Protein chains: 2
Amino acid sequence: MARAGLTTERLTQAGAELADEVGFDQVTVSALARRFDVKVASLYSHLRNSQDLKTRIALLALEELADRAADALAGRAGKDALTAFANVYRDYAREHPGRYTAARLRLDPEAAAASAGVRHAQMTRAILRGYDLAEPDQTHAVRLLGSVFHGYVSLEMAGGFSHSAPDSEQSWSRTLDALDALLRNWPAP
Amino acid sequence: MARAGLTTERLTQAGAELADEVGFDQVTVSALARRFDVKVASLYSHLRNSQDLKTRIALLALEELADRAADALAGRAGKDALTAFANVYRDYAREHPGRYTAARLRLDPEAAAASAGVRHAQMTRAILRGYDLAEPDQTHAVRLLGSVFHGYVSLEMAGGFSHSAPDSEQSWSRTLDALDALLRNWPAP
DNA sequence: TAATTTGCCTAAAAGCTTTAGGCAAATGGA
DNA sequence: TCCATTTGCCTAAAGCTTTTAGGCAAATTA
């Protein structure tokens with residue numbers, strides 16, 4: 001029989017597409033095999049197990065996100081950088097809901113340290129160079145920004161802000177205004 | 001044979017405990033049956049299906065959270081109320097990680113409208129009475145607060161802030177300071 | 001071309017979900 | 001108290017996902 005040309009990379013990529021189509025937690029080794037018109041057991045030569053597949057999708061999503069963020073950040077500073085960076089997350093989540101969910105997967109410490117998660121933290125710090133924050137407030141601010149971006153996007157994705165006025169677009173824009181104002185007037189302890 | 005005394009309520013309660021012990025997505029009808037030393041099929045007289053169980057756990061968690069929040073809010077205003085409210089979420093997530101995850105489950109619009117989620121929004125609005133915000137900024141602020149609380153707690157739960165200084169306790173405290181300052185100096189559009 | 005490696009296959013066990021139908025325990029009326 | 005009905009948990013069975021083991025044929029290398 002002809003071979004399907006499976007590789008770990010193609011499976012990961014297809015898994016990411018599947019996640020966007022049917023939701024990350026509907027991603028299953030079986031569904032992936034179906035998509036390649038191949039028997040399930042065949043995938044186990046390329047993937048350790050189901051968890052391995054999910055982890056790979058998560059790492060892929062983190063890389064993609066970091067690449068987009070780096071791109072958006074280039075040549076920008078201050079509020080301009082803040083806005084561009086935040087929009088990368090929101091837009092990515094809208095374009096790729098399954099991948100975005102994957103990116104939030106809990107990784108084991110080693111995997112996390114080797115992942116693009118590190119780049120995300122560095123870029124957030126880079127944004128703060130446009131504001132005047134010394135340690136440890138800078139770290140607090142990094143965490144706050146991460147919380148707002150992740151929190152807003154995930155609540156919005158869950159439908160929390162639909163069906164009520166004003167529309168989410170406006171709240172997002174005003175949230176970024178508020179964060180910018182906050183970073184410029186960071187309160188003393 | 002003696003009867004086990006299953007009811008939808010007992011199953012939901014036990015499901016919530018199970019979620020805290022093994023993680024919300026490890027909650028399964030089979031595991032629950034095992035816990036009651038009963039055959040799996042028996043649960044289907046009390047639960048429509050697996051999704052039904054998960055939804056019930058989510059609704060239970062939302063109620064518990066709202067009850068705690070209402071309690072914490074009583075007699076408080078301003079930053080005091082803000083802090084107490086925020087800590088309810090964080091503490092609940094620490095005490096009951098499975099339930100907290102359940103509370104973030106995406107509910108269908110009808111279920112969501114009938115859930116305690118509505119109370120949460122009302123209470124957040126109540127906190128804002130201590131600050132001087134008119135609509136539509138009040139709604140924007142409600143959404144921002146929700147995002148920060150959910151975002152922070154969920155990143156912390158995922159281990160995002162461990163293994164690095166300063167400890168999460170301090171960032172949390174400074175985040176609440178920052179939010180208070182922000183609400184007192186909410187920027188004009 | 002022969003030897004080796006690689007890739008996908010069949011087979012099978014084990015666990016979760018869900019439906020259908022049955023017997024026994026609880027309940028309540030006569 | 002006894003009988004009828006309801007209720008609760010059971011057995012059985014089908015369908016799906018995960019994962020391991022072992023096999024044959026295609027691709028690669030010598």
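Quick caveat: nothing in here was measured; it's all calculated off a predicted structure. Here is how names work: the chains are called A, B, and so on, in the same order as the sequence lines, proteins then strands, and each is numbered from 1.
A:R56 and A:E9 are not joined by a salt bridge, as no carboxylate oxygen comes within less than 4.0 angstrom of a charged side-chain nitrogen. Between B:E169 and B:R90 there is a salt bridge, with a side-chain nitrogen of the basic residue lying less than 4.0 Å from a carboxylate oxygen of the acidic one. Salt bridge A:D25/A:K54: absent, no basic N to carboxylate O contact under 4.0 Å.
Between the CG atom of A:L32 and the P atom of C:dC8 there is a distance of 13 Å, given to the nearest Å. Spacing between atom OH of B:Y44 and atom P of D:dC9 amounts to 16 Å, rounded to whole angstrom units.
In this structure, B:H120 has its ring center under 6.0 Å from that of B:Y89.
Less than 4.0 Å separates DNA chain C from no heavy atom of any residue of residues 9-30 of chain A.
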Are there any protein N/O atoms within less than 3.5 Å of an N/O atom in nucleotides 21-24 of chain D, and if so, which ones and at what distance?
none

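The other members of the hydrophobic cluster of B:L107, by chain and number, are B:L59, B:L62 (side-chain heavy atoms under 4.5 Å, ILVMFWY only).
Aromatic ring orientation, B:H96 versus B:Y92: tilted (interplanar angle from 30° to 60°).
Of the candidate nucleotides C:dC8, D:dC9, D:dT11, D:dC9 has the atom lying nearest to any side-chain atom of B:L6.
OP1 or OP2 of D:dC10 sits under 4.0 Å from a side-chain N or O of B:S42.
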